[in-house]
2 protein chains.
Amino acid sequence: MKKIDILKKLRSSGLRPTKQRVEIAKFLFERDKTFHFTVESLNKLLMRKLSSKISLATIYNTVHSFKAAGHLSEVEVRGNKTYFDTNVLNHHHFYDSETSELIDIDAKDVVIQKIPKAPNGKKIKNVEVFINLKN
Amino acid sequence: MKKIDILKKLRSSGLRPTKQRVEIAKFLFERDKTFHFTVESLNKLLMRKLSSKISLATIYNTVHSFKAAGHLSEVEVRGNKTYFDTNVLNHHHFYDSETSELIDIDAKDVVIQKIPKAPNGKKIKNVEVFINLKN
DNA sequence: TTTCACTTTAGAACAATTATAAACTATAAG
DNA sequence: CTTATAGTTTATAATTGTTCTAAAGTGAAA
């Protein structure tokens, strides 16, 4: 993803392309594969990569803004940390608790044959399949 | 579940049936339907119900002991709080984000036709299906 | 009974996240 | 260009959920 596209992506979702947002967006979206992270891990990676420091509060703000704009999704993982995913398409996950690593599963690789109907007055928003791994 | 069964349940899993553990176990397991809770919610409910106060640290200790003994399971819910479930059989969940409420889905009510195989050297421990609800 | 490992407890410590309020900046209007 | 201003960043405080600590208490075996 080129810089011009990063700027477009930000502007089209009502986010001013500030220096910090552009740097974070470049880091997150200029990739071939999807990227899973926590704010803590992202912070460490950015500190290593960038010369100028971005405040932790800004990383929180930015990640939340990107999520609100639909550029990031939040992953269902039990535990105290919040995981984010640059893959915003409907998909599923393997979770390796040994390494705390998430692996994407393409939506087409999971086929569900039977599912209960939603309780009274509610609708199904989405279905997430979570496959826990062991060695 | 009778008091004698509570005592048996605790003793058989190597947990001394202390006053606090018996009270918490009675509160959790003397029910017809499964019960979902966070430590915070359990604490509030116990404060309301019991005359003698149980320390928050003890509630954490006890819930973790019960989980280790297989009397409680931890539910996959994104967010900062940890949810527990008195249903320890393999099953799935609806999650209503409006009310933060979990609803059990019987394992037999979800049939998965196709699933990817585990990555190199790993095995599948279990599969959790999580159905997010909306209004 | 006595003993002792296990348990409870209050409070401190910790980790992740959110709130605050002052300084800064992108950009629209003049 | 300037300027004005609403949006943004920042350091730090505050909050929340959870775990740790160490002292006091207690179940149960001998």
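Order of the sequence lines sets the chain letters (A, B, ...), proteins ahead of strands, with each chain counted from 1. Keep in mind that what you see is a predicted model, and the values were worked out from it rather than measured.
- Across the protein-nucleic acid pair, B/Ile54 atom CD1 and D/dT26 atom P stand 14 Å apart, rounded to whole Å.
- The listed nucleotides are D/dA11, D/dT18, D/dT9; the one nearest the side chain of A/Thr62 is D/dT9.
- Each of B/Lys81 and B/Lys19 was assigned the nucleotide of DNA chain D with the nearest heavy atom; the assignment lying further toward the 5' end belongs to B/Lys81.
- Contact between the side-chain N/O atoms of B/Tyr60 and the OP1/OP2 oxygens of D/dT18 is found at a separation under 4.0 Å.
- Distance check, rounded to the nearest 0.5 Å: CD1 of A/Ile54 to CG of A/Asn43 gives 9.0 Å.
- Taking 4.0 angstrom as the limit, B/Gln20 places a side-chain polar atom (N or O) nearer than this to OP1 or OP2 of C/dT9.
- Between A/Phe37 and A/Phe27, the distance separating the two ring centers is not shorter than 6.0 angstrom.
- Note on A/Thr38: nothing from the nucleic acid sits closer than 4.0 angstrom, heavy atoms only.
- Taking atom CG of B/Leu10 as the reference point, atom P of D/dT26 lies 18 Å away to the nearest angstrom.
- No side-chain donor from either of A/Ser73 and A/Asp85 sits under 3.5 Å from a side-chain acceptor of the other.
- Judged purely by distance below 3.5 Å, without hydrogens or angles, the side chains of A/Lys122 and B/Asn135 pair a donor atom with an acceptor atom.
- Between B/Thr18 and D/dT26 there is no side-chain polar atom (N or O) within less than 4.0 angstrom of OP1 or OP2.
- Taking atom CE on B/Met47 and atom C1' on C/dT9, their separation rounds to 15 Å, with Å as the unit.
- Distances shorter than 4.0 Å separate none of the side-chain N or O atoms of B/Arg16 from OP1 or OP2 on D/dA28.
- Ring geometry for A/His71 against A/Phe66 counts as perpendicular: the plane angle is over 60°, on a 0 to 90° scale with 30° as the lower cut.
- Contact between the side-chain N/O atoms of A/Arg11 and the OP1/OP2 oxygens of C/dA26 is not found at any separation under 4.0 Å.
- As a whole-Å value, the separation of B/Leu15 CG from D/dA28 C1' is 15 Å.
- Regarding contacts with the backbone of D/dA11, a side-chain N or O of A/Lys53 is found under 4.0 angstrom from either OP1 or OP2.
- Between the P atom of C/dT7 and the CD1 atom of B/Ile59 lies a distance of 17 Å, rounded to the nearest Å.
- Atom-to-atom, NZ of B/Lys67 to P of D/dT18 comes out at 12 Å; the value is rounded to the nearest Å.
- At C/dC6, none of the side-chain N or O atoms of B/Arg21 fall inside 4.0 Å of OP1 or OP2 (strictly under the cut-off).
- Summarising the geometry, the separation between CG on A/Leu46 and P on D/dT10 is reported as 11 Å, rounded to the nearest angstrom.
- Straight-line distance from the CG atom of B/Leu56 to the P atom of D/dT16: 14 Å, rounded to whole Å.
- Dashed line: the shortest gap from a side-chain N or O of A/His64 to OP1 or OP2 of C/dT17 is not under 4.0 Å.
- Of the two residues near DNA chain D, B/Glu40 and A/Thr58, the one whose nearest nucleotide lies more 5' is A/Thr58.
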